[in-house]
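Single-structure report; data block below.
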Amino acid sequence: MDNTSPAPPEAGPRRERRPERYDPQAIEPRWRHAWAEQGLYRVDLEDDARPKYYFLTMYPYPSGDLHVGHWYAEAPADAAARYRRMNGYNVLFPMGFDAFGLPAENAAIRAAREGEQVHPATLTYERIGRMVTQFEQMGAMFDWSKKVVTCDPVYYRWNQWLFVKMFERGLAYRKESYVNWDPVDQTVLANEQVIDGRGDRSGALVERRLMPQWHFKITAYADELLDFSTLDWPEKVKTMQTNWIGRSEGAEVVFRTESGEPITVFTTRPDTLWGATFVVLAPEHPLVERVTSASQRAEVEAYVVAAAAKSEIDRQAEGREKTGVFTGGHAVNPVNGERVQIWIADYVLMTYGTGSIMAVPAHDERDLQFARTFGLPVRVVVQPPGASLEGDTLAEAYTGDGVMVNSGRFDGTPTGKGEEGERGIASVIAWLEEEGLGERKVTYRLRDWLISRQRYWGTPIPMLYCDACGIVPVPLDQLPVELPSDVAFMPTGQSPLTTHEPFLHARCPACGGPARRETDTMDGFMDSSWYWFRYLSPELTSAAVDKELVGRWTPVDMYTGGVEHSILHLLYARFFTKVLRDLGLVDHGEPFQRLFNQGMILGEDNEKMSKSRGNVVNPDHLVSEYGADAVRTYLMFIGPWDQGGPWNFQGIEGVARFLNRVWGLIVDAPAGDPAVKVDEHVTRDLRRAVHTAIREISEDFEGFRFNTAVAELMTLQNAMSKAKSASLALTPGWEEACRVLVTLLAPIAPHLAEELWQRLGHATSVHLESWPEVDESALTRDEVRYAVQVNGKLRGEVEVPADAQEASVLSAAKAVPNVAKHLDGAELVREIVVPGKLVNLVVKPAARA
RNA sequence: GCGAGGAUGGCGGAAUUGGUAGACGCGCCAGACUUAGGAUCUGGUGUCUUUGACGUGCGGGUUCAAGUCCCGCUCCUCGCACCA
């Protein structure tokens with residue numbers, strides 16, 4: 001397990017001569033080995049004598065090497081988990097690997113180009129092996145017996161099982177969606193492979209292509225996903241998810257073409273219907289074909305083709321210049337019978353609402369820009385209080401509150417954001433419903449989750465296509481559909497599954513006839529949407545989750561990870577938990593009680609670490625130079641955990657020195673004469689320092705403030721080093737101080753703490769100890785120091801008995817020479833005493849003679 | 001443009017409810033021990049014109065007292081950004 005040159009346990013005869021040095025390279029591997037042998041971190045999931053605590057960190061993608069970022073994510077989390085454990089909880093702190101994904105497949109393709117055969121599975125397992133070794137060096141309390149690896153059929157089989165269950169419930173369905181198509185490599189690209197509209201490998205302009213693909217109906221849970229009321233999550237994440245879901249209330253209203261075909265539009269402002277002076281369809285809208293007049297056809301078709309070639313990202317990249325084409329067709333505004341033009345424009349998105357809008361240029365900025373660009377009419381239908389806007393002269397759209405005008409029976413109705421305004425809008429909707437012109441409608445920005453990936457290295461979608469029976473799921477007892485391994489990776493990047501004949505051909509379970517297998521695989525987010533349930537029973541083959549254990553251990557108490565997963569991963573995880581609940585597998589709908597986002601460690605150049613920038617910091621050399629404990633402690637010390645920041649290794653020296661001093665404090669013989677009587681003040685000061693440290697560090701751990709926890713530990717070490725003497729070392733107070741120091745250090749620097757604990761004469765592990773408790777009586781003082789201010793400026797300090805009355809504090813304060821000087825000849829107008837803290841004497845300056 | 005967070009010594013960062021700004025550490029300076037020191041230990045270290053004054057991005061305000069509260073700005077980071 002340890003490949004860090006395990007030095008033999010020091011049995012040196014030289015010990016007497018020279019104080020023994022702190023040698024992490026000797027200590028750390030030895031203890032890791034011992035812990036593994038004792039099974040110290042093996043969690044008994046059945047143990048219900050203690051309350052459970054499920055501490056989860058986001059599992060990594062097996063990139064092959066642990067870098068500082070992994071340490072930064074895991075080391076403080078480990079310390080927090082260890083703290084919980086010492087506080088009496090049965091803590092599960094598991095680790096696994098998000099093992100499917102593009103990089104491994106791309107590596108295989110790259111190798112294929114060079115005529116080599118590298119299988120993603122081989123590569124992935126090799127990398128996992130390496131990372132497990134590196135993780136072990138961290139000295140974290142991961143229980144590796146619970147490890148989950150998502151590319152293992154024992155795991156992804158249940159992805160397939162869940163997929164089929166969701167298909168049965170109508171939550172998985174197939175429909176046409178756009179993909180990024182690379183015309184050179186003849187392959188589909190993930191969004192992150194498209195850079196500035198071009199394929200990252202071929203450099204070809206990426207096209208949008210419609211393909212039938214599998215989707216999960218996350219929108220069915222949209223409203224429930226907006227409810228965060230039971231969660232202790234950062235506001236930021238909740239806001240981001242809320243915006244992502246993007247709930248809008250409004251109405252659908254039916255316009256009609258001149259031939260009577262309905263054009264349904266969604267609007268959040270049905271009160272402005274009377275101001276709708278034209279209608280705009282998305283270029284992909286099915287009605288475009290039919291409303292276009294002969295004379296406009298050529299222009300319309302050219303626009304549609306141009307729009308189709310552009311991705312949504314491209315459309316936006318071109319700025320907000322409005323483009324569009326008149327179709328030649330007209331529609332009738334249902335509320336006033338007015339004949340309006342029908343345009344197409346790419347600022348209207350087919351994927352939102354109904355793919356068509358009514359344009360109200362007077363009250364919508366985008367519509368106004370469009371109207372001005374193409375000379376379309378602008379009519380004001382909401383007048384702000386005390387103003388009268390004119391459509392022709394309007395400089396910007398008016399979106400505020402006001403009173404409806406030019407709106408027939410609704411003239412004079414107040415409208416807008418306020419309570420009264422909303423009543424006005426509601427009355428318009430009610431009228432639309434009565435007249436059969438429209439209805440109330442809620443629309444979401446959130447779209448269904450496109451789960452199909454035209455890729456190899458993922459979970460095969462367990463579906464069959466039968467000529468006779470159509471789409472048929474693979475029967476549950478035939479799962480898993482295993483990914484064939486005897487495949488050749490083509491330099492084009494195409495998934496080998498599409499040409500793997502034995503995989504392709506199957507029997508239809510319904511009619512027994514020939515059927516073709518689905519060759520798409522699942523999005524990697526599928527794996528991470530429920531993996532934490534699986535840590536409880538990673539090898540279970542009879543079910544996706546162990547219901548009994550899941551009932552006992554989930555939801556997760558604490559989840560930590562980077563903000564970059566605030567939206568997709570966490571939203572999908574919440575969605576899946578609700579689906580699992582509805583399938584009767586779990587009894588709760590929210591997966592993670594508390595969420596904490598640690599910051600990101602940047603490179604020394606203050607940029608995000610990446611291989612391409614060449615600024616990735618590998619901590620291995622620091623570990624071999626200073627030890628894992630020093631690296632852990634340093635990462636916790638550099639600043640607030642949620643802040644991250646640029647990496648700078650300079651300061652690790654200070655932390656290493658600190659650990660060295662702690663070592664010396666416990667190990668080195670004290671100086672001085674043991675017969676000298678210990679001053680009572682020394683003992684009391686020592687106890688105060690010890691118990692102050694317990695109090696502060698406990699609070700810091702609760703709030704994940706590891707930086708101040710380490711600082712407090714340093715303060716305690718300083719106090720102890722100053723006080724240390726041969727005679728003090730014989731007292732129970734010193735014994736307590738050493739015991740507490742080592743226990744408080746245990747979650748942060750587990751190896752060193754363990755070594756020192758043994759040297760203090762304990763036979764069992766420090767990691768089985770309870771967290772120390774504060775003795776309030778040790779915190780009291782006889783004397784209190786007051787700051788003394790005159791007119792708010794510090795002029796001196798004074799020590800008074802802790803129980804001194806205000807009057808005696810004041811007189812002592814006034815007696816301080818420098819204070820007296822500033823009071824001299826001035827008129828004292830006010831005296832303020834903050835108990836235990838400060839005195840402020842307010843004077844009027846002496847009238848100068 | 002909208003939303004959120006932030007700005008404190010040469011550097012990373014500390015500062016309950018407003019109550020001694022700069023904890024802890026890095027770096028730096030001086031000293032001790034040393035053949036040596038990039039080891040270790042001790043002391044010092046916000047700035048300046050140093051009996052004092054000034055200092056928490058800038059300008060105002062409230063208060064006996066403001067890093068902290070209020071008003072108005074600047075800059076930085078992050079998220080969203082034609083979502084009807």
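Proteins get letters first, then strands, A, B, ... in listed order; numbering begins at 1 in each. On a predicted model such as this, the values are computed, not experimentally measured, just so you know.
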For RNA chain B, the expected dot-bracket line (Watson-Crick or G-U under 3.5 Å, [ ] crossing, | inter-strand) is (((((((..(((......[....)))((((((.......))))))(((...)))..(((((..]....))))))))))))....
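A:His363 comes within contact range of no nucleotide atom at all, as no heavy-atom separation falls under 4.0 Å. At a threshold of 4.0 angstrom between heavy atoms, the contacts of A:Asn648 with the nucleic acid are absent. Backbone-only contact: A:Lys793 has heavy atoms under 4.0 Å from sugar-phosphate atoms and none from a base.
Between B:C24 and B:C71, the distance separating the two P atoms is 36 Å to the nearest Å. Taking atom P on both nucleotides, B:U17 is separated from B:G61 by 26 Å, rounded to a whole Å. Annotation: B:C41 and B:U77 have their C1' atoms spaced 42 Å apart (nearest Å). The gap from the P atom of B:A4 to that of B:C11 amounts to 30 Å, rounded to the nearest Å. Across the C1' atoms, B:U49 and B:U56 are found 24 Å apart, a figure rounded to whole Å.
Nearest to the side chain of A:Lys322, among B:U20, B:C82, B:G25, sits B:C82.
Between A:Gln369 and the phosphate of B:C82, there is no side-chain N or O to OP1/OP2 separation shorter than 4.0 Å. Distances shown here put a side-chain N or O of A:Arg445 below 4.0 Å from the OP1 or OP2 atom of B:A81. At least one side-chain nitrogen or oxygen of A:Asn707 sits closer than 4.0 Å to the OP1 or OP2 atom of B:A14. Phosphate contact (OP1/OP2 of B:A65, side-chain N/O of A:Arg830, threshold under 4.0 Å): absent. OP1 and OP2 of B:A4 both lie 4.0 Å or more from every side-chain N or O belonging to A:Asn243. Contact annotation: A:Asn660 does not reach the phosphate of B:A39 (side-chain N/O to OP1 or OP2, under 4.0 Å). For A:Arg657 and B:C26, the shortest distance from a side-chain N or O to OP1 or OP2 is below 4.0 Å.
Rounded to whole Å, atom C1' of B:U42 lies 10 Å from atom NZ of A:Lys722. One atom, CH2 of A:Trp663, and another, P of B:U40, lie 16 Å apart when rounded to the nearest Å.
Taking syn as a glycosidic angle within 90° of 0, B:G9 qualifies as syn.
When A:Trp647, A:Phe706, A:Tyr72, A:Phe658 are each tested for a ring pair (Phe, Tyr, Trp, His ring centres under 6.0 Å) with A:Tyr634, only one passes: A:Trp647.
Between A:Arg372 and A:Glu396 there is no salt bridge, since no side-chain N of the basic residue sits under 4.0 Å from a carboxylate O of the acidic one.
Note: A:Phe228 and A:Trp233 have tilted aromatic rings, judged against thresholds of 30 and 60 degrees for the angle between ring planes.
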